[in-house]
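A, B, ... follow the sequence lines: proteins, then strands. Residue 1 opens every chain. As a basis for the values below, the full set of heavy atoms in this structure was taken, side chains included, without hydrogen atoms, waters or symmetry mates.
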Number of protein chains: 2
Amino acid sequence: MAGPTLRDVAKRANVSIRTVSNVVNGYAPVSDELRARVQVALDELDYRPNLIARNLKQGRTGMIALVVPELDVPYFAELAREVIRAARAQGYVVMVDQTDGDGDRERELLGRDSRATMFDGLLLSPLSVSADELRARAHRVPIVLLGEHIFNGSFPHVAIDNVSAARDATTHLLELGRRRVAAIGDQPYATGETAQLRTSGYRQAHLRAGLEVDEELIVSTPHFHRRLGAEAMERLLALPEPPDAVFCYNDLLALGAIRALTRAGRRVPDDVAVVGLDDIEEGQYSTPSLTTIAPDKGEIARRAVDTLLESIRGTAGAPAEIVVPHRLIVRESTAGEAAPH
Amino acid sequence: MAGPTLRDVAKRANVSIRTVSNVVNGYAPVSDELRARVQVALDELDYRPNLIARNLKQGRTGMIALVVPELDVPYFAELAREVIRAARAQGYVVMVDQTDGDGDRERELLGRDSRATMFDGLLLSPLSVSADELRARAHRVPIVLLGEHIFNGSFPHVAIDNVSAARDATTHLLELGRRRVAAIGDQPYATGETAQLRTSGYRQAHLRAGLEVDEELIVSTPHFHRRLGAEAMERLLALPEPPDAVFCYNDLLALGAIRALTRAGRRVPDDVAVVGLDDIEEGQYSTPSLTTIAPDKGEIARRAVDTLLESIRGTAGAPAEIVVPHRLIVRESTAGEAAPH
DNA sequence: CATGATGTCTGCATCGTTGCAGAGCCCTCA
DNA sequence: TGAGGGCTCTGCAACGATGCAGACATCATG
C-alpha cells in the first residue's frame, strides 16, 4: 500500500534524493538530461509526494478547520460551501467538523488531544464555549470566530450587525401596518448572545416607531429549528390577541412558523406576515416564499478566510470585529397587505 | 507559535524523550514518581503532541475525506452529517470537500499533487468521473463510492436500490388512481446512470400496472435543483394533456415542482400529486409536506465508513455492492384523492 | 595561469514522533 | 552467590521530506 518514496525514485534514476526532490518541486536548476531521467523514474514508479512528511518539515499543512454546530442546518451548509471555495482560492483546503451544538464537543476540540494541531488555523462558530474558555485553551492555533458575538478583543470575529438586521426586519413589518409583531427565537441566557442582540433590534424598531412591545409576543426557543418555530407559532396563535406578524430569528424558525400557520388555516401574509433571517435557498422556493434578511455569506466566508490566513502568516493586525453587510429581501411572506382587524 | 516538543518537556523533567512519550501515551510502565514529575512538566509547558509527526511515524492520519458535488444540497449535507458521526464513532475525523459537480475537480482530486495522500481513505460521491478513470488514477488510497452506480467490481459501493425505489414511488402514484404520471429528472447520457436507473423503475411500475408510458411525460434535467424542478413542471403544465401526478428524482426537484404548481394555481395533491426522493428534512415542513422515498442515510453512512475502514485496515473482502434499504413516506403531497377529470 | 563566479549536483542534518533493542537495577530462587 | 527474570528507563534509528552548506566541474576574467 505504501507508495514509492524519493529514495526509491533516486535509486532507480541513479541520482541523489535531493535531486529528485528538486525535480519534483522545481526548486533548484537541474540539467535537462538529468531532469528527463528523473522524470522517467517518477512516471514509472508513479511517485506521489508524501504530504505528511512535507508538512512536518515545513511546519504547515495547508488545511484549516471549519467548526459548525450542525452541518445539515442550511445556513451552515451554505456558509461551509462558501468557506471551502474561499479557502481553495488561497490554496487551502477545509476540514469541516460539527459539534452537534454540544458544548463539551466544542471544548474537546480545544483539548489536549484534539486534532487542532493538524490545522494551520480554525474557523469557529461556537455555540456554548465562552471567550474566556477559548482564550484559556487555544494557544497556538490562529482562530477566527464566526457569527456568535463573544468577541472581547481576543479573537477576530466576522458577523453581520445583528441589532440592525433585526431592526430592519421588524421595521419592515411595522411599515406594512402590522401592529402586533411577534418575535420567535430569543434566548435569554448566557450563551444566547446573538439571539439577545436580535431581540434588542426588535425592541429598537418598536421604540423608533413609537410603539410598545408586548412582552407576551416574544417567544424563546432553545434552538433554531423548524419544529421549534412551528411550536412557538402555535403558542402565539393560542393567545387571546394573536400577532399579525412575526419576525423569526432565522429562516428555519420562519419556515416552521409558516407551516404552523398554514395548518391552522391562517393565510400568510394576509393574516400573519413572516420575516426570517439567513436567506437560505429553501426560502426562495417555499410556499409562500420567504421574506428574509440576507447576510452576505460569500463576504463572510472571504473575510473570515482572509483574516485567518493573515493570522497564520503573521501579517495580522490587532483582532478586529468585522461587520459584513446584510439586506432585506422582500418575498411573498410579507408582500400582501394586512387584513383589516 | 510553535509549541513545546517532547524534547522540551524531557529537558524540564530531566528524563529521556522516550519516557515523556511513554507518559503521554501510557504505552510502557512508568514509576509513579517519574510519571508525576513528567506530568508536572507537561502541564507547565502545556504540551500538545504534534500530530503531523505522529502521523508520519505511524503512516496513518486518522482522517478520511468525503467528497460530494455540493455541500449545500440538503441530501449531501444530511449525509455528511451522518458520515461525520459514523466516522467519529470509529475514531476518525472527516474532511469534507466539494467538487461543485465539476468533473475536472473530481479528477484533480486523484491527480499527482492532490491532498489525497493525507487521508487514510476516500468516500467519493462522483458525478462525472468514470470507474475506468478512477481505477487508472487511484492506486494507493482505499476508496468507497456513494450513490452513483459506476460499480463494476473495482470499488465497494453503497447505495439504495434505485430501480426499486423509483418503482415504489411510481406505483404509489398509480395506486392512488393517477393515470398520467410524469417523471422529472432523467439524464439520458453517460454520467446519468443513477437517473437512468430511476427512469427504469418508473417504467417498470407502469409495466406491472399494465399501463403505457407517455414519453412526453419524462422530462430530463441536467441537475437536481429546485429551479430545474420548477421549470420542468412548467413545461409539463403547458402540455395539451398535463399530468395528474409527478415522480421527481429527488426532493429538491419535487419542491421546485410544487412551487411551480402553486404559482400556476394548481392544488397539490388534488390536481397534481408529487413524490420526491431523499427525504430531506425540508420536505417535512414544506407546504404541502412532501411524500418521498427515504433512503436510510444513517445506514448508508455507517456501511460506507465501516467498509472504508475495513479496506484501510486490510481486513476487507472483495469489493461489494452494498444495498441499503429505503421506504416510502406518505405525506400531504400525495395524501388526497385525485380530482375527477 | 590563478582566481573567482557560475551552474549542477550531493550528503548531512533536521522536523517531532515512535519502534526497537538493550542497559541498569532489584529481587528471587536454586 | 550468581543466574535469571521482571521492571524501569534510555538512546538510537527511522518515518519521508526539505534546508543548507559545500563539492565538483566549467567557464570567464585579469
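For Lys11(A) and dG11(C), the NZ to P distance is 13 Å, given to the nearest whole Å. Taking atom CE of Met118(B) as the reference point, atom P of dC15(D) lies 20 Å away to the nearest angstrom. Rounded to an integer number of Å, the gap from Gln58(A) CD to dT14(C) C1' is 13 Å. Remark: C1' of dA17(D) and CZ of Arg48(A) are 17 Å apart, rounded to the nearest angstrom. Here the C1' atom of nucleotide dT18(C) and the CZ atom of Arg60(B) are 13 Å apart, to the nearest Å. Between Asp8(B) atom CG and dT17(C) atom C1' the separation is 13 Å, expressed in whole Å. Counting to the nearest Å, the C1' atom of dG11(D) and the CG atom of Leu6(B) are 14 Å from each other. Regarding Glu33(A), its CD atom lies at a distance of 19 Å from the P atom of dG7(C), rounded to whole Å.
Between Asn25(B) and dT18(C) there is a side-chain N or O to OP1 or OP2 distance below 4.0 Å. Listed pair Thr5(A) / dG16(D) fails the phosphate criterion, with no side-chain N or O lying under 4.0 Å from OP1 or OP2. Residue Ser21(A) has a polar side-chain atom (N or O) positioned under 4.0 Å from OP1 or OP2 of dT18(D). Taking only side-chain nitrogens and oxygens, Arg7(B) never comes nearer than 4.0 Å to OP1 or OP2 of dT17(C). Residue Ser31(A) places at least one side-chain N or O closer than 4.0 Å to OP1 or OP2 of dC9(C).
The nucleotide whose nearest atom lies closest to any side-chain atom of Lys57(A) is, among dT8(C), dT10(C), dG19(D), dG19(D). Between dT18(C), dG16(D), dC9(C), one nucleotide has an atom nearer to the side chain of Leu56(B) than all others, and that is dG16(D). Of the candidate nucleotides dG11(C), dA17(D), dT17(C), dG11(C) has the atom nearest to the side chain of Ser16(A).
In summary, of the residues considered (Leu308(B), Val94(B), Val96(B)), a side-chain contact (heavy atoms from CB on, under 4.5 Å) with Val83(B) occurs for Val94(B) alone. The residue from Asp8(B), Thr5(B), Leu6(B) that alone fulfils the side-chain contact (heavy atoms from CB on, under 4.5 Å) condition with Ile17(B) is Leu6(B).
Between the side chain of Glu82(B) and the backbone N or O of Arg302(B) there is no donor-acceptor pair closer than 3.5 Å. A side-chain donor-acceptor contact under 3.5 Å links Lys297(A) to the backbone of Asp278(A).
Within 4.0 Å of Leu34(B), counting heavy atoms only, lie sugar-phosphate atoms of the nucleic acid but no base atom. Nucleic acid contact for Asn22(A): base, since at least one base atom lies under 4.0 Å from a heavy atom of the residue. Base contact: Thr19(A) has a heavy atom under 4.0 Å from a base atom.
Counting atom types as modelled, Arg18(B) pairs a side-chain N or O with a base atom of dG19(C) as donor and acceptor under 3.5 Å.
Under the 4.0 Å criterion applied to side-chain N and carboxylate O atoms, Glu310(B) and Arg313(B) are not assigned as salt-bridge partners.
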